[in-house]
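Below you'll find the structure, written out as structure tokens, and then a few comments.
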Amino acid sequence: GLEEIWGMAQAGKVNLRLTGDVIVCANEAIAFMRAETTHEGQSRVTEPIIDHFVFDEDGKITSVRAFYNF
């Protein structure tokens, strides 16, 4: 499911937005989001999506984990 969402995102068929505060602790962050996708004329809302990011010393993402029910 995640591969499908990111494929649609790259094709411009996903509206991904934050739905709450981003929680930051040291070099990690949690973001709460929702996605509105359109595929073959059908729309779908996926919510909540919770992404966990880990950053290196330069602020670049080294790891992302996504949790959602697709």
Side-chain angles (χ1 to χ4, degrees):
L2 184 59
E3 184 177 328
E4 182 180 347
I5 284 179
W6 286 114
M8 288 187 287
Q10 290 176 346
K13 298 178 183 175
V14 174
N15 182 2
L16 188 63
R17 60 179 104 138
L18 291 171
T19 59
D21 292 335
V22 175
I23 300 170
V24 178
C25 183
N27 67 326
E28 300 182 49
I30 298 286
F32 300 87
M33 297 179 283
R34 90 184 240 140
E36 295 176 38
T37 57
T38 304
H39 183 67
E40 297 180 358
Q42 298 287 329
S43 294
R44 180 193 325 216
V45 172
T46 302
E47 185 178 24
I49 299 171
I50 302 169
D51 280 4
H52 171 247
F53 298 88
V54 179
F55 302 91
D56 66 13
E57 303 81 31
D58 296 322
K60 295 186 180 192
I61 297 170
T62 60
S63 173
V64 177
R65 295 173 64 198
F67 301 86
Y68 64 98
N69 188 12
F70 189 65

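Hydrophobic clustering places L16 together with V22 (ILVMFWY residues linked when any side-chain heavy atoms are closer than 4.5 Å, directly or through intermediates). In terms of hydrophobic clustering, with Ile, Leu, Val, Met, Phe, Trp and Tyr side chains grouped at heavy-atom distances under 4.5 Å, V54 and M33 are assigned to different clusters.
Side-chain atoms of N27 come within 3.5 Å of backbone atoms of F55 as a donor-acceptor pair (strictly under, hydrogens ignored). The closest donor-acceptor contact from the side chain of D56 to the backbone of D58 lies under 3.5 Å.
Closest of all the heavy-atom pairs between R34 and I49 is C-CD1, 4.2 Å. Contact record, N69 with T46: O-CG2, 3.8 Å, taken as the closest heavy-atom pair. The two residues A31 and F53 come nearest to each other via the heavy atoms CB-CE1, 4.1 Å.
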Inset, instruction - Just do the side chain to side chain contact (heavy atoms under 4.5 Å, CB included) check on F32 and I23 with the steps written out, would you? - result: CA-CA 9 Å; F32 300 87; I23 300 170; 3.8 Å; yes
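Remark: R17 engages E36 in a salt bridge (Lys or Arg N to Asp or Glu O under 4.0 Å) (not counting sequence neighbours).
Atom CZ of F67 sits about 8.0 Å away from atom NE2 of H52, to the nearest 0.5 Å.
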